[in-house]
**Q** 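Take a look at this one; I'll ask things after.
Computed from a prediction, not measured in an experiment: that's the story for all the values here.
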Number of protein chains: 2
Amino acid sequence: MIKSGRITIHDIAEKLNITASTVSRALNDHPRISDLTKKAVHKMAKQLNYQPNHIASALRSGKSRLIGVIIPTANRAFFSSVVRGVEEIANSLDYKVIICQSYDDPEKEIETIDALLSARVDGIVASTGKQTFTFDHYQRIIDKKIPLILFDRGNQDLKVSQVVIDDYRGAYQAVKHLLDQGCKRIAHFTSVSKISIYTDRMRGYLDALRDANIPIDHKLIIEGDLQLEDGRISMEKLLRLKVRPDAVFSSSDFGAMGAMQVLKEHKIKIPEEVALVGFSNEPFTAYTDPPLTSVDQMSITMGKITAEAFFDELKTDKSNFIPQKTVLAPELIIRGSSLKCIPEPKAI
Amino acid sequence: MIKSGRITIHDIAEKLNITASTVSRALNDHPRISDLTKKAVHKMAKQLNYQPNHIASALRSGKSRLIGVIIPTANRAFFSSVVRGVEEIANSLDYKVIICQSYDDPEKEIETIDALLSARVDGIVASTGKQTFTFDHYQRIIDKKIPLILFDRGNQDLKVSQVVIDDYRGAYQAVKHLLDQGCKRIAHFTSVSKISIYTDRMRGYLDALRDANIPIDHKLIIEGDLQLEDGRISMEKLLRLKVRPDAVFSSSDFGAMGAMQVLKEHKIKIPEEVALVGFSNEPFTAYTDPPLTSVDQMSITMGKITAEAFFDELKTDKSNFIPQKTVLAPELIIRGSSLKCIPEPKAI
DNA sequence: AATTTTTGTGCAATCGATTGTACAAATATA
DNA sequence: TATATTTGTACAATCGATTGCACAAAAATT
């Protein structure tokens with residue numbers, strides 16, 4: 001007799017005159033169960049419209065088949081793309097993803113971690129917030145032996161697998177590209193906050209110039225918050241210099257966009273007089289006029305690799321697991337804001 | 001004595017020489033438990049670093065405090081913003097959100113619903129896919145008495161609460177605005193697929209023209225897929241007309257963007273010669289040149305209201321619950337692509 | 001034919017929290 | 001003072017699936 005409304009393995013068992021344990025094993029394709037029984041169980045399950053209760057299963061087995069994802073905000077294309085990558089891999093393995101936003105607030109980050117641990121997720125995938133400087137809450141995840149993978153923003157001290165982009169290389173490529181276009185005075189917008197992603201990009205910028213034997217002009221390096229408005233202010237500042245730059249490499253697309261607006265207001269031609277390169281390949285960069293050259297952060301790939309790192313960790317014996325750090329090569333997307341000419345064939 | 005590693009209410013109980021049921025009630029602030037006991041329990045819980053097991057609680061209570069969200073893709077700003085709105089409300093009530101993407105694939109939609117039902121979510125919030133024409137799988141959710149709220153794309157036949165935007169009104173406002181700017185020959189890009197959102201927008205377009213006593217010219221209405229490339233093709237087509245339009249109202253921002261590119265290539269001035277209005281207020285619209293006027297779909301608000309509708313339904317007695325349909329007023333965001341002049345004070 | 005191994009299933013404990021019922025002690029009411 | 005009510009806790013069942021162990025029947029081995 002079916003009770004309230006929800007069908008359980010007991011209902012199936014009763015109908016077939018077997019026990020719930022047999023049903024459970026049949027559904028899980030246990031080798032000791034005869035094919036005959038398995039077929040009968042599956043048929044009855046379908047007939048009764050049985051829906052397994054993952055909660056019960058999770059409680060008993062200790063595996064929830066849930067992955068917690070913590071991102072600063074889902075509103076930014078980069079993060080939602082990473083999530084998409086994670087989800088793609090996770091779903092293919094019958095895992096579900098719980099997405100939580102930290103809004104770059106360490107307090108919220110802690111709450112979120114608590115909530116996810118209470119939800120008994122099998123693992124957590126996170127990008128730490130901008131304001132996060134202590135990592136005890138992340139250490140707590142590790143202490144509980146729950147796989148933790150960090151992406152985008154890494155951390156040296158935590159012994160966890162990480163997936164990051166090679167910011168240095170992305171910046172180097174971007175500046176190299178500007179040099180190839182014939183630019184000699186290349187300005188750089190960087191962040192006031194000394195997070196590694198920005199300092200790495202700065203190093204890439206500096207090294208690219210050095211390798212091209214171009215002296216560093218510190219008046220061309222401008223610190224700000226890298227938002228649109230900061231980009232505008234920074235560009236205005238550059239235009240007041242005695243000798244103008246002929247290119248700007250901004251550590252953010254928004255900064256570059258601000259610069260683009262100011263340049264256009266001053267009727268300065270892009271890229272002929274000033275070339276522009278941003279960073280992140282935000283979706284809007286394809287639609288500006290001219291379209292903005294930018295460094296793509298391989299967000300979907302990053303998500304997939306992050307998920308794979310998680311499942312690797314899940315499979316591996318905890319005792320001898322060694323965290324892996326994966327560094328992805330970014331891709332320079334060249335568009336009209338920096339492309340002065342068809343690149344000449346290289347001299348041999 | 002603490003066992004394996006995970007702390008349970010039994011461990012707390014043992015330490016305090018009380019029973020687990022008392023601990024449970026103390027933690028849930030049950031009125032029958034003395035303040036003294038409550039304090040002791042909370043203190044011990046903290047001391048032992050107790051983390052409640054939501055899985056166990058969910059199994060017993062039948063409430064998982066999880067909301068399943070089904071969206072076509074998280075990669076589009078509109079959807080990720082709606083999710084953000086849902087999450088904001090949900091989190092404030094201690095609910096978590098599980099996000100699933102259907103990729104507009106009905107098959108995947110069914111799988112997703114199964115997965116969420118198995119995860120025993122307390123409710124489901126969904127935007128149906130473009131290709132979804134049968135709704136049996138949604139009906140199944142309703143049959144199980146699990147609250148279901150639809151947003152963005154509604155459905156007449158399902159007896160569920162829905163939150164949608166007033167597409168008709170958004171379109172009407174957009175066209176009215178173009179008329180106010182002095183436009184007389186307004187073209188319209190619409191979708192080949194006859195989904196209500198597009199037919200509603202079309203009606204808004206037609207009615208606004210009629211109300212202004214402007215005859216409908218069917219050569220100005222162009223069907224396509226509303227992507228960038230379609231916008232380009234449609235615009236080229238319009239430019240070949242004997243009498244050009246002086247404005248285009250596109251049912252999508254991408255379509256409008258395509259038109260903008262073509263106009264610029266033809267050195268046609270925007271908005272002086274041809275004004276442009278899109279639909280959706282995609283983030284990139286703020287960064288085009290000129291910035292694109294568009295109809296904002298109130299995504300975050302929509303998410304919040306959707307979540308509220310869900311909690312309303314949760315609270316209400318199921319037997320006499322009446323589904324609510326909420327229609328949000330969209331907001332016209334006027335930008336450079338349509339603003340010819342400072343609007344004159346209205347004649348009395 | 002006797003013994004061992006394999007196969008198929010059942011029994012019962014378990015995961016950790018919740019909750020209806022019971023009951024003693026404390027307090028209020030008559 | 002006797003009775004009724006309130007207060008604070010304990011007991012034990014329960015949610016639904018999983019799983020170690022037991023054991024009979026069937027098959028394989030000697």
**Q** What is the distance from CG of B:Leu16 to P of D:dG8, rounded to the nearest Å?
**A**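 It works out to 17 Å between those atoms.
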**Q** Using only heavy-atom distances, decide whether a donor-acceptor pair under 3.5 angstrom links the side-chain of B:Thr8 to the base of C:dC15.
**A**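 Such a pair does not exist between side chain and base.
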**Q** I need the CG-P distance between B:Asn17 and D:dA10, as an integer number of Å.
**A**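 One finds 9 Å between P of D:dA10 and CG of B:Asn17, rounded.
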**Q** Specify the separation, in whole Å, of atom CZ of A:Arg60 and atom P of D:dT18.
**A**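 Checked: the CZ to P distance equals 10 Å.
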**Q** Using a cut-off of less than 4.0 Å, is there contact between a side-chain N or O of A:Thr22 and OP1 or OP2 of C:dG10?
**A**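 A:Thr22 to C:dG10 OP1/OP2: side-chain N or O found under 4.0 Å.
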**Q** Near DNA chain D, which residues from residues 26-38 of chain B have a heavy atom under 4.0 Å away?
**A**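 B:Arg32, B:Ile33, B:Ser34, B:Thr37, in order of number.
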**Q** Could you check how far CD1 of A:Ile12 sits from P of C:dT9, rounded to whole Å?
**A**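 Atom-to-atom, A:Ile12 to C:dT9, this comes out as 15 Å.
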**Q** Name the orientation class of the two ring planes belonging to A:His137 and A:Phe135 (parallel below 30°, tilted from 30 to 60°, perpendicular beyond 60°).
**A**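 Judged by the thresholds at 30° and 60°, the geometry between A:His137 and A:Phe135 is parallel.
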**Q** Distance check: side-chain N/O of B:Ser57 vs OP1/OP2 of C:dT18, anything under 4.0 Å?
**A**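 Affirmative; the distance criterion is met.
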**Q** Shortest non-hydrogen contact from B:Ala90 to B:Val97?
**A**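 Heavy atoms only, the tightest pair is CB-CG2, 3.9 Å.
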**Q** What is the distance, rounded to the nearest whole Å, between atom CD1 of B:Ile9 and atom C1' of D:dA12?
**A**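 In whole Å, D:dA12 C1' and B:Ile9 CD1 are 13 Å from each other.
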**Q** Any side-chain N or O of B:Thr19 under 4.0 Å from OP1/OP2 of D:dA10?
**A**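 For D:dA10, OP1 or OP2 has a side-chain N or O of B:Thr19 closer than 4.0 Å.
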**Q** Take the protein atom CD of B:Gln51 and the nucleotide atom P of C:dG16, then report the distance between them rounded to whole Å.
**A**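 After rounding, the gap between these two atoms is 13 Å.
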**Q** Between A:Arg6 and A:Asp11, does at least one N-O distance fall below 4.0 Å, as a salt bridge requires?
**A**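 Salt bridge: no.
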**Q** So for A:Ser21 and C:dC11, does any side-chain atom that can act as donor or acceptor lie under 3.5 Å from a complementary atom in the base?
**A**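 Yes, a donor-acceptor pair under 3.5 Å.
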**Q** Step by step, would you call B:Lys38 with B:Asp29 a salt bridge (charged side-chain N to carboxylate O under 4.0 Å, His left out)?
**A** CA-CA 7 Å; B:Lys38 281 182 189 168; B:Asp29 204 26; 3.0 Å; yes
**Q** Starting from P on D:dA13, measure out to CG on B:Leu59 and report it in whole angstrom.
**A**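 Value for this atom pair: 17 Å.
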**Q** What class does the angle between the rings of B:Phe78 and B:Phe151 fall in, given that below 30° is parallel, 30 to 60° is tilted and above 60° is perpendicular?
**A**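 It falls in the tilted class, 30° to 60°.
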**Q** B:Thr132 and B:Glu109: side-chain donor and acceptor closer than 3.5 Å?
**A**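 Checked: B:Thr132/B:Glu109 side chains pair up, N/O donor to acceptor below 3.5 Å.
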**Q** Is the shortest heavy-atom distance from the side chain of A:Asp122 to the side chain of A:Leu66 under 4.5 Å?
**A**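 A side-chain contact is absent here, since even the closest heavy-atom pair is not under 4.5 Å.
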**Q** Determine whether a donor-acceptor pair (one donor, one acceptor, N or O, separation below 3.5 Å) exists between the side chain of A:Arg25 and the base of D:dG20.
**A**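 Result: at least one qualifying N/O pair found.
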**Q** What is the distance, rounded to the nearest whole Å, between atom CD of B:Glu14 and atom C1' of C:dA17?
**A**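 After rounding, the reported distance stands at 16 Å.
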**Q** Within the structure shown, what part of the strands sits under 4.0 Å from A:Ile18 by heavy-atom distance: base, sugar-phosphate, or nothing?
**A**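 Sugar-phosphate, no base atom in range.
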